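The block underneath contains the structure these notes are about, expressed in structure tokens.
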Amino acid sequence: MIQDIITIIRKEWKEVIFHRTSGRQGWVSILIIVGIVGIYLPYMSGAEWLSDPISLLTWAWLPIIMTSGMVADAFAGERERHTLETLLSTRLSDTAILLGKVAASVLYAWMISLLSALAGVITVNVAFGEGTFLFYDPVLFFGGLLAVLLVAILMSTIGVFVSLKASTVRQAYQKLSLSTTAIWFIPFILIQAFPNQSMDLLQNLAPALEKNLTVVVLAVFAVLLLVDVLMLLLAKKRFKRTRLILE
Amino acid sequence: MTENHISIQTQDLHCQFGDLHAVDGITFEVETGTIFGFLGPNGAGKTTTIRLLLGLLEPSAGSARVLGFDTHTQADQIRLNCGALLEHSGLYERLSAEDNLDLFGRIWHLSSEQRTQRIQNLLENMGLYERRKEIVQTWSHGMKQKLAVARTLMHDPKLVFLDEPTAGLDPLASSGLREDLVQMARRHGVTVFLTTHNLAEAEKICDRVGVINKGKLISVGSPDELRLKQGTNSLLVVGRGFEQSILNELKAMPDVTAVEIQDHHLVVHFKQETESGKLVQFLAGKGVMIDEVRKGKASLEDAFLALLEEEE
């Protein structure tokens, strides 16, 4: 099973990273992202880049957005290019295909995040190090990487559902953008709809957050992990080749 | 388990989508190491049958065993031991030819050495080895089709399903592929399940053929058996003076199904096998100069068309 999952990951990455579009290979896009998030922004922010939680959002968030394109292509792309049926006619199990596709996009996002974060360390040390080695606050760094992993799994499984239903990559990408935008805007919409209640809730939570930040963060991670597992189980239930062939 | 000498065995196999009976109770067997041609017009149920045999679709009723494995409960074993070239070539066009074959070698857990060797052998056989590093997207349809066939054979399958494998190939490539298929079956005992619209091709290489129409299997047998079933029910007359009025009179005869002029010769098709005497007598009486009369040999195409006509 593991070997099969690695085969799918390898295939996905080869297709996305090494294929040529407009004379440019896919890895050039990765270099551009890492250049912006790992070199340009840290250089502009200075040494604070390594301690500011906002920097975490930048190097964690952008790569997650990049997974949308890859995961939208996962099944809709195979269907559009008429390769899905051939893939389904191989010895690969449904689970290996599904997990391979999810893992390919999750690891893609996670590795770009890691590269961007490490490039940020090099940039800050070269530009502002003054002889001492500067690094992220360990909780921020490892917490950030874990958050990227958990959110990327969530995004990927949502993407798999959308991609399974869509007949073209464009349709999948549009649906995925709409669904993820809706998910991330729900808190803002709720705050707008219930401004007083939201303020009361935040004021009540603030002291607890200050006192037990680690516990709260761990609880959030636990919830995310649970949601990821549930989404993966649902995706596994949904992914049946006898059903996919007819869609 | 199905006996070893039978690779495919179906029993009253059905597949229904709503009101549509895509496959309607087909029963047949394919012997190991033979080439079985599955013939039928578009939408007859050929591709659905392949999907059922590969376990990609579940039958509505009936059963099928492929290489001794039940398609419903042991489909993973079937896919492990079979290769399939389906309706589309299914190639990853953003990858090179070598990467495409390497991927399928990895899927079947071939070692690095096995993959390298197999890729070289297959691509050399197909005349594509020099271009193995090229992205498939830029290739012609024929080259892609050859590569897709090579991919199907990458893991040395015991049984291959080929859906229109020579579609889009030039005559030379088609002929080469046909030879390869025959060799595969004869030398290596690989069973080939082939769908094709090219009846001349089926006639040349298939040991047995099945004709399917509207989901029903209307005939199974060797190409010779199918032709014989249709009989030699046409007569070819070499001569002069085939006036239109004579042709019209022939057409009006109750046992004549068609009359045509081919290369200045008269061809008369009858409902059943007919002696030439009556026709010669009729034509001579109309003043036709007859040089020669030959009994026409029904081709597989004639037999196929006649079978479909009977069904209609």
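Values reported hereafter were calculated over all heavy atoms of this structure, with side chains retained and with hydrogens, waters and symmetry mates removed. Quick caveat, the model's predicted, so the values are computed rather than measured. Each chain gets a letter, A, B and so on, in the order its sequence line appears, and its residues count up from 1.
Every side-chain hydrogen bond (donor to acceptor under 3.5 Å, both in side chains) that A:Asp73 has, sequence neighbours left out, goes to A:Arg81, B:Arg94.
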Which atom pairs, one a donor and one an acceptor, fall under 3.5 Å between side chains of residues 84-91 of chain B and the rest of the protein, sequence neighbours left out?
{"residue": "B:His88", "atom": "NE2", "partner": "A:His82", "partner atom": "ND1", "Å": "3.4"}

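Among B:Asp76, B:Asp99, B:Asn81, B:Leu54, the residue making the largest number of heavy-atom pairs under 4.5 Å with chain A is B:Asp99.
Considering only heavy atoms from C-beta on, A:Gln3 stays 4.5 Å or farther from B:Arg106 through its side chain. The shortest distance between side-chain heavy atoms of B:Glu58 and A:Lys240 does not fall below 4.5 Å.
Crowding of A:Phe141 atom CZ: a count of heavy atoms from other residues, nucleotides or ligands under 6.0 Å exceeding 12.
Among residues 86-94 of chain A, the residues having any heavy atom closer than 4.5 Å to a heavy atom of chain B are, in sequence order, A:Thr86, A:Leu87, A:Leu88, A:Ser89, A:Thr90, A:Arg91, A:Leu92.
Residue B:Asp102 holds its CG atom at 6.5 Å from NZ of A:Lys14, rounded to the nearest 0.5 Å.
Applying the ring pair (Phe, Tyr, Trp, His ring centres under 6.0 Å) definition to pairs two or more places apart or across chains, those involving residues 135-167 of chain B are B:Trp108-B:His155, B:Phe161-B:Phe193.
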For this session: Check the pair A:Glu78 / B:Tyr92 against side-chain contact (heavy atoms from CB on, under 4.5 Å), numbers first and verdict last.
Result: CA-CA 9 Å; A:Glu78 297 256 9; B:Tyr92 290 99; 2.8 Å; yes
For this session: Walk me through it: do B:Leu103 and A:Thr7 pass the test side-chain contact (heavy atoms from CB on, under 4.5 Å)?
Result: CA-CA 7 Å; B:Leu103 166 66; A:Thr7 299; 3.7 Å; yes
